[in-house]
Engineer: 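Starting off with a structure, shown below.
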Amino acid sequence: MTVIGLFFPSFVSMALYMKLSRDTLSRWQTLIIRYGVYVLFNTLITQIVITYLLGISQVEETALKSFPFFVKYVLIALIWAVVLPFMEELLKKYIKVSIKISTDKENK
């Protein structure tokens, strides 16, 4: 149950990201890095929600072995798994960063 709770919601994020961005992620390295980032953010945000909003402190890995907590954790993680790709697309759409590097020879 621990592996399902920690890693499955990020598959949902990956599927939604690929659907929203119409990106096939042709390189396997990019796919693994993106999945790892989703696992990190999804787990972090879910832990923050459980600790600060639900008030359940001292949560350890063994807590995912109890079914009631596992269900709560997975539901919260799935909600964030759906929200994260939409937030990423909104940030990509409205926030752009560009960097221009030039030398003195190019300016003259």
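Basis for what follows: all heavy atoms, side chains included, without hydrogens, waters or symmetry-related copies. Numbers here are sequence positions counted from 1.
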Engineer: Partners of S10 by side-chain hydrogen bond (donor to acceptor under 3.5 Å, both in side chains), sequence neighbours excluded?
Structural biologist: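 Counting only residues at least two positions away or on another chain, S10 forms no side-chain hydrogen bond (donor to acceptor under 3.5 Å, both in side chains).
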
Engineer: side-chain contact (heavy atoms from CB on, under 4.5 Å) with L54: which residues, sequence neighbours excluded?
Structural biologist: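 Once residues adjacent in sequence are excluded, the partners of L54 under the side-chain contact (heavy atoms from CB on, under 4.5 Å) criterion are I50, I56, I76.
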
Engineer: Return all side-chain donor-acceptor pairs below 3.5 angstrom for residues 81-92, not counting sequence neighbours, or 'none' if the list is empty.
Structural biologist:
from	atom 1	to	atom 2	distance (Å)
E88	OE1	R34	NH1	3.3
E88	OE1	Y38	OH	2.4
E88	OE2	R34	NH1	2.6
K92	NZ	Y17	OH	3.3

Engineer: Are L78 and V3 linked, directly or through intermediate hydrophobic residues, by side-chain heavy-atom contacts shorter than 4.5 Å (ILVMFWY only)?
Structural biologist: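 As far as the 4.5 Å side-chain criterion goes, L78 and V3 are connected within one cluster.
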
Engineer: What distance do N42 atom CG and F7 atom CZ have between them, rounded to the nearest 0.5 Å?
Structural biologist: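 Between atom CG of N42 and atom CZ of F7 there are 11.5 Å.
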
Engineer: Quick check on the hydrophobic clustering: are L53 and F41 connected, directly or via other members, by side-chain heavy-atom contacts under 4.5 Å?
Structural biologist: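 In one cluster: yes.
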
Engineer: Just wondering, do V39 and L6 contact through their side chains at under 4.5 Å, heavy atoms?
Structural biologist: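 Counting from C-beta outward, L6 and V39 never come under 4.5 Å.
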
Engineer: Any ring pair (Phe, Tyr, Trp, His ring centres under 6.0 Å) pairs touching residues 62-84, not counting sequence neighbours?
Structural biologist: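 Found none.
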
Engineer: Using the rule that two of Ile, Leu, Val, Met, Phe, Trp, Tyr join whenever any of their side-chain heavy atoms come within less than 4.5 Å, decide whether L40 and V49 are in one cluster.
Structural biologist: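 No; V49 is not reachable from L40 via cluster members.
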
Engineer: With sequence neighbours excluded, tell me which residues meet ring-ring contact (aromatic ring centres under 6.0 Å, His included) with Y35.
Structural biologist: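 By the ring-ring contact (aromatic ring centres under 6.0 Å, His included) rule, Y35 matches F11.
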
Engineer: Among all residues two or more places apart in sequence or in another chain, which pass the side-chain contact (heavy atoms from CB on, under 4.5 Å) test with L44?
Structural biologist: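 side-chain contact (heavy atoms from CB on, under 4.5 Å) check on L44 returns I48.
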
